[in-house]
Protein chains: 2
Amino acid sequence: MNAVSDHTGASPRLDEPPFIVPLCAVFRKHLKADGQKFTAERARVLDTVIRMERVFEAEDLLDELRRRRMRVSKATIYRTLKLLQDAGIIEPVLFDQKQTHYQLAYGQPPRDQMICVETGRVIEITVPEIIDVRDRIAARHGWSPVGHRLQIFAVSPEAADEPSEEG
Amino acid sequence: MNAVSDHTGASPRLDEPPFIVPLCAVFRKHLKADGQKFTAERARVLDTVIRMERVFEAEDLLDELRRRRMRVSKATIYRTLKLLQDAGIIEPVLFDQKQTHYQLAYGQPPRDQMICVETGRVIEITVPEIIDVRDRIAARHGWSPVGHRLQIFAVSPEAADEPSEEG
DNA sequence: CTTGGTGCAAACATTTTGCAGCACA
DNA sequence: TGTGCTGCAAAATGTTTGCACCAAG
C-alpha cells in the first residue's frame, strides 16, 4: 500500500524563499515569549524546513539535514517540529499514514489537497469558495471559524488514461 | 494535549439501526468475492461497529466488545477493521492523533466535521455545497472527483463564553 | 477436508522521555 | 551563571505478523 507516496521524500528548494527572514524572526519571537532559546539546532531545522518543497515528515528532515552535513538528533527534530507547529510556521497535513506529515503554513493561504486515488499523486489546490462555505456553516451553528482542511479524492488524467491494473 | 478527545470513547447506540441487515450482506458479499470467510468474530466486530455512535478507534471497539462479553482479540479487530474499510463500510477520519479513527461510511452522506479548537468537541456536519465546489475544482484540473474530506476548525459557543485559560 | 481465520506474543515503526553534560541569554 | 537544550538510548504507543491450532464453506 502506497496510496500517498509520491509526495513524501520531499526534495529541497533550490531558490532561497523570500520569507526565510521573517520566519526566523517569528520563531525567535515565539520562543522568547515562552522563555525558550533559539539554538543552532533549531535554526538548522527551521532552515531545512523552509527548503522543503512539499509535504514532509520527520524522516525527510533527518535525511535532508544529513545531506547538508548538519547534525541534529532525531529527538531534537521531533521536539522542534512541535515548537514550529506551536509557532504556526508549519502545520500537520493528514493522510492515511501513520507518520505525521507537515507543510509550511506561515503566510500561506490555506493549502488544500487533491489526491489521486489511483496513483497517490497529491497536488495542492486553493479553493477560495471554501472560506465562504465554512463561514456560513460555522455561523449556522453559532461557532466562530478559525480554519479548515479540505482533501478532494479524484482520479487524475494520467490514471484515467491508463488501463486499470485491477479488474 | 487532548485537542480532540471528547469524541473518542464512543458510546454505543441503543436503538437497532435499520441498516444492520444490508450491512451484514454487504460485508458477506465482499468477503465471498475475495474467497474470504464470514466468521463469528467478524460478525461481532461488524455488529459493534454499527452500534458505535460516533467516531471510534480500535481501542474503543475492544472496550465495547468486552463490555458486551464478546471476545475478539486485538489482532482480529485490526484485521477486521481493514476488511470493513475495503468493503466501504467504514472509513478513516483523520485527526491530529496517532491512532486511526473510523466512522460508518456505508450509505451515509459524506460526513464532515467541525472541531472546536478550544475544547476539542467534534460535531458532524453535512455541507452539500462542497460537492459542487469539489466537482468544479476537479473539472478545472481535468480530474474525476470520487470523494472528499472537510474539517472546519472553529471556536464553539461554550468555549467562546468561558474565559480563556491561557493568557 | 481444505483453505483461511484466530489468539497469542513477539516484532515493528514512530514518537516520547529520562538523564547527564552542554550552551545560549 | 542558571535555565533550558542536546544527544543518546530506553520506554511508550499503536499496529502488524509468525505460528500452531481451529473452524467455515
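Chain letters run A, B, ... following the sequence lines, proteins first and then strands; every chain starts at 1. In what follows, every heavy atom counts, from backbone to side chain, and hydrogens, waters and symmetry copies are set aside.
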Salt-bridge test for [X] and [Y]: reply yes if a basic N is under 4.0 Å from a carboxylate O, no otherwise.
| X | Y | answer |
| --- | --- | --- |
| A/Arg51 | A/Asp47 | yes |
| A/Arg121 | A/Glu158 | yes |
| A/Arg136 | B/Glu129 | yes |

Over all atoms of both residues, closest heavy-atom pair of A/Trp143 and B/Cys116: CZ3-N, 3.4 Å
To the nearest Å, how far apart are [X] [atom1] and [N] [atom2]?
| X | N | atom1 | atom2 | result |
| --- | --- | --- | --- | --- |
| A/Lys32 | C/dA25 | NZ | C1' | 8 Å |
| B/Leu83 | C/dG4 | CG | P | 13 Å |
| B/Phe38 | D/dC22 | CZ | P | 23 Å |
| B/Tyr102 | D/dG14 | OH | P | 14 Å |
| B/Arg71 | C/dG7 | CZ | C1' | 11 Å |
| B/Leu31 | D/dA23 | CG | P | 19 Å |
| A/Leu62 | D/dG7 | CG | P | 11 Å |
| A/Arg28 | D/dG4 | CZ | P | 18 Å |

Picking from [options], which would you name as closest to the side chain of [X]?
| X | options | value |
| --- | --- | --- |
| B/Arg42 | C/dA23, C/dT6, D/dA9 | C/dT6 |
| A/Gln36 | D/dT16, D/dC5, D/dT6 | D/dC5 |
| B/Ala75 | C/dT17, D/dT16, D/dT17 | D/dT17 |
| B/Lys37 | C/dG7, D/dT3, C/dG5 | C/dG5 |
| A/Lys74 | D/dT15, D/dG7, C/dT15 | C/dT15 |
| A/Gln99 | D/dT15, C/dT14, D/dT3 | C/dT14 |

May I ask you to evaluate whether [X] reaches the phosphate of [N], defined as a side-chain N or O under 4.0 Å from OP1 or OP2?
| X | N | answer |
| --- | --- | --- |
| A/Tyr78 | C/dT16 | no |
| B/Thr100 | D/dG14 | no |
| A/Lys82 | C/dT15 | no |

Assign each of B/Asp34 and B/Thr76 to its nearest nucleotide of DNA chain C by heavy atoms, then name whichever residue's nucleotide is nearer the 5' end. B/Asp34
Is any side-chain N or O of B/Arg79 under 3.5 Å from a base N or O of C/dG4, one able to act as donor and the other as acceptor? no
Toward the 5' end of DNA chain D, by each residue's nearest nucleotide, B/Thr39 or B/Lys98: B/Lys98
How about A/Gln99 and A/Glu57: does a side-chain donor come under 3.5 Å of a side-chain acceptor? yes
